[in-house]
2 protein chains.
Amino acid sequence: MTHHRMRWEERLWATGHRVTRQRSLILDAVCAGEGHTPLGEIYARVRRADRSIDRSTVYRALRLFVEVGLVVAADTGSGETSYEIKKPRPHHHLVCRGCGGEQEIGDDATAAMFDEVRRRHGFEIATDHLVLFGLCEACRCRAGP
Amino acid sequence: MTHHRMRWEERLWATGHRVTRQRSLILDAVCAGEGHTPLGEIYARVRRADRSIDRSTVYRALRLFVEVGLVVAADTGSGETSYEIKKPRPHHHLVCRGCGGEQEIGDDATAAMFDEVRRRHGFEIATDHLVLFGLCEACRCRAGP
DNA sequence: CCGCTTGTCGCAAAGATCGGCAGGAAGCGA
DNA sequence: TCGCTTCCTGCCGATCTTTGCGACAAGCGG
């Protein structure tokens with residue numbers, strides 16, 4: 001399991017929310033696989049553990065987890081939103097429109113940009129997980145200029 | 001009207017699509033107001049001009065416009081997607097989670113970041129319109145550290 | 001351990017977005 | 001101008017996501 005029980009329970013508690021069996025199962029489901037998981041798959045995993053949990057509960061729990069910073073959401077343009085347990089170091093995703101492949105990048109590049117926005121516009125960016133679309137090296141060469 | 005008739009007709013044409021009355025009305029509706037417009041409002045404007053146009057036609061036309069680069073889409077987290085006619089110079093939006101206010105920023109900051117991503121990962125980012133969430137200066141001072 | 005308060009859950013229904021299908025029209029060539 | 005071909009549209013239903021509501025249970029105080 002990627003998340004530590006104490007950690008997330010305290011986080012919920014500190015933000016004035018309750019720790020429930022459903023939320024525990026849903027967070028387990030987010031961590032069950034590698035990388036980000038589409039909601040449908042998370043729901044399937046949760047149902048495997050407990051048939052009675054409703055879809056809306058999953059949606060609400062995930063929204064809450066994102067709100068309190070336990071999980072990051074990513075709309076990869078596939079029709080359904082994906083979720084991933086938040087890692088200590090923020091990262092972003094590059095999604096290739098040619099082959100559909102994805103790669104993860106660190107937050108070095110964006111950190112500088114966020115700083116500049118803060119200096120020039122006084123705006124503190126909180127978004128810590130971007131999904132950027134474009135063309136990967138292979139597809140770029142294949143397609144030509 | 002913000003868009004020039006010739007411009008968009010040629011763009012559709014060049015990408016192998018047809019110029020239709022519906023698409024014309026929908027693009028007019030996108031340009032009718034200031035800044036970006038939520039889909040519901042676009043639909044309302046279109047219906048004011050022609051009762052018979054269907055919602056799915058509006059969705060399909062907007063998706064097409066985005067695809068061929070006539071319009072940019074922005075998910076401002078309000079539940080429905082907003083659209084805006086594409087300006088010659090790309091820009092991004094900062095949405096404050098405190099007051100809900102929005103401001104536009106140029107692409108200077110992101111241009112440097114995109115370059116770095118290309119250099120380091122060989123990935124050419126095509127996304128030209130970001131919506132970044134955070135806290136504006138006023139709300140940041142009000143909330144304190 | 002018992003009951004209270006209040007946040008949560010399951011359910012149902014609404015809202016937003018997308019996809020299939022058959023009729024209709026844009027744009028081409030004669 | 002008249003068809004023809006192909007794409008587009010309107011209609012309907014499917015899918016993804018959110019919301020309102022009454023029942024329920026987490027966490028508190030006794």
Side-chain angles (χ1 to χ4, degrees), chain A residues 5-6 8-30 36-47 49-68 70-71 73-83, chain B residues 5-6 8-30 36-44 46-47 49-68 70-71 73-83 131:
Chain A
R5 182 160 296 271
M6 294 307 288
W8 73 266
E9 293 188 343
E10 278 168 13
R11 184 87 194 99
L12 278 190
W13 197 47
T15 50
H17 299 95
R18 292 184 183 169
V19 175
T20 67
R21 197 176 47 82
Q22 288 88 336
R23 287 178 179 165
S24 174
L25 291 175
I26 293 165
L27 194 53
D28 284 354
V30 172
H36 44 74
T37 314
L39 184 130
E41 173 60 22
I42 293 177
Y43 178 63
R45 288 177 192 162
V46 169
R47 294 282 286 199
D50 182 343
R51 290 265 138 208
S52 72
I53 293 181
D54 192 77
R55 256 202 163 77
S56 62
T57 301
V58 177
Y59 279 107
R60 278 189 281 233
L62 289 172
R63 178 142 41 101
L64 175 65
F65 291 157
V66 170
E67 188 187 317
V68 302
L70 285 170
V71 163
D75 181 17
T76 60
S78 70
E80 64 181 336
T81 310
S82 289
Y83 298 86
Chain B
R5 183 157 297 272
M6 292 312 286
W8 74 267
E9 291 188 345
E10 277 168 14
R11 184 85 193 102
L12 279 190
W13 225 334
T15 50
H17 300 95
R18 292 182 183 172
V19 175
T20 68
R21 198 176 47 82
Q22 289 88 335
R23 287 176 178 167
S24 174
L25 290 174
I26 293 166
L27 194 54
D28 284 354
V30 172
H36 44 76
T37 314
L39 183 132
E41 173 61 22
I42 293 176
Y43 179 63
V46 168
R47 294 284 286 201
D50 182 343
R51 290 266 138 205
S52 73
I53 293 181
D54 192 77
R55 252 202 166 77
S56 56
T57 301
V58 176
Y59 279 107
R60 279 189 281 232
L62 288 172
R63 185 146 32 108
L64 174 65
F65 292 157
V66 170
E67 188 187 318
V68 302
L70 286 170
V71 163
D75 180 16
T76 61
S78 70
E80 64 180 336
T81 309
S82 289
Y83 297 87
V131 179

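Within every chain, numbering begins at 1; the chains are lettered A, B, ... in the order of the sequence lines, protein sequences first and strands thereafter.
Side-chain contact between L70(B) and L64(B) is absent, with no heavy atoms from C-beta onward closer than 4.5 Å. Residues L39(B) and T81(B) form no side-chain contact, since every pair of their non-hydrogen atoms from C-beta on lies 4.5 Å or further apart. W8(B) is not listed as a side-chain neighbour of V68(B), based on a closest heavy-atom distance of 4.5 Å or more. Within the 4.5 Å cutoff, side-chain heavy atoms of V30(B) are placed close to those of I42(B).
Across all strands, R21(B) comes closer than 4.0 Å to no nucleic acid atom at all (heavy-atom distances). S56(A) comes within 4.0 angstrom of a base, heavy atoms only. Using a 4.0 Å heavy-atom criterion, one finds that G79(A) contacts the sugar-phosphate atoms exclusively.
Atom pair I42(B):CD1 and dT17(C):C1' shows a separation of 14 Å (rounding to whole Å applied). As rounded to whole Å, 16 Å separates atom C1' of dG27(D) from atom CD of E10(A). Atom-to-atom, OH of Y43(B) to P of dA16(C) comes out at 12 Å; the value is rounded to the nearest Å. The distance from atom CZ of R55(A) to atom P of dT18(D) is 12 Å, rounded to the nearest whole Å. In this structure, L25(A) places its CG atom 12 Å from P of dA26(D), rounding to the nearest Å. If you measure from atom CZ of R18(A) to atom C1' of dC28(D), you get 9 Å, rounded to the nearest angstrom. Following rounding to the nearest Å, R47(A) (CZ) and dC11(C) (C1') show an atom-to-atom distance of 12 Å. Separating the CG atom of L12(A) from the P atom of dA25(D) is a distance of 19 Å, rounded to the nearest angstrom.
Under 4.0 angstrom from either OP1 or OP2 of dT9(D) there lies at least one side-chain N or O belonging to T20(B). Under 4.0 angstrom from either OP1 or OP2 of dG19(C) there lies at least one side-chain N or O belonging to R63(B). OP1 or OP2 of dG10(D) lies within a sub-4.0 Å distance of a side-chain N or O belonging to Q22(B). Dashed line: the shortest gap from a side-chain N or O of R23(A) to OP1 or OP2 of dT8(C) is under 4.0 Å. Using a 4.0 Å cut-off, no side-chain N or O of Y59(A) falls inside it from OP1 or OP2 of dT18(D).
Along DNA chain D, the nucleotide closest to S52(B) and the one closest to G16(B) are compared, and the more 5′ of them pairs with G16(B). Nearer to the 5' terminus of DNA chain C, by closest-nucleotide assignment, is the contact made by T81(B) (compared with the other of T81(B) and V19(B)). Nearest-nucleotide mapping onto DNA chain C: of L64(A) and E80(B), the residue sitting toward the 5' end is L64(A).
Closest approach to the I53(B) side chain among dG10(D), dT17(D), dC8(D) is made by dG10(D) (side chain taken as heavy atoms from C-beta onward). The D54(B) side chain lies nearest to dC12(D) when the options are dC16(D), dC12(D), dC18(C).
Residue R60(A) places no side-chain atom within donor-acceptor reach of the base of dT8(C), judged by atom type and a 3.5 Å distance cut-off alone.
Side-chain atoms of R45(A) do not come within 3.5 Å of backbone N or O of D28(A) as any donor-acceptor pair.
A salt bridge does not link R63(B) to E67(B): none of the charged nitrogens lies less than 4.0 Å from a carboxylate oxygen.
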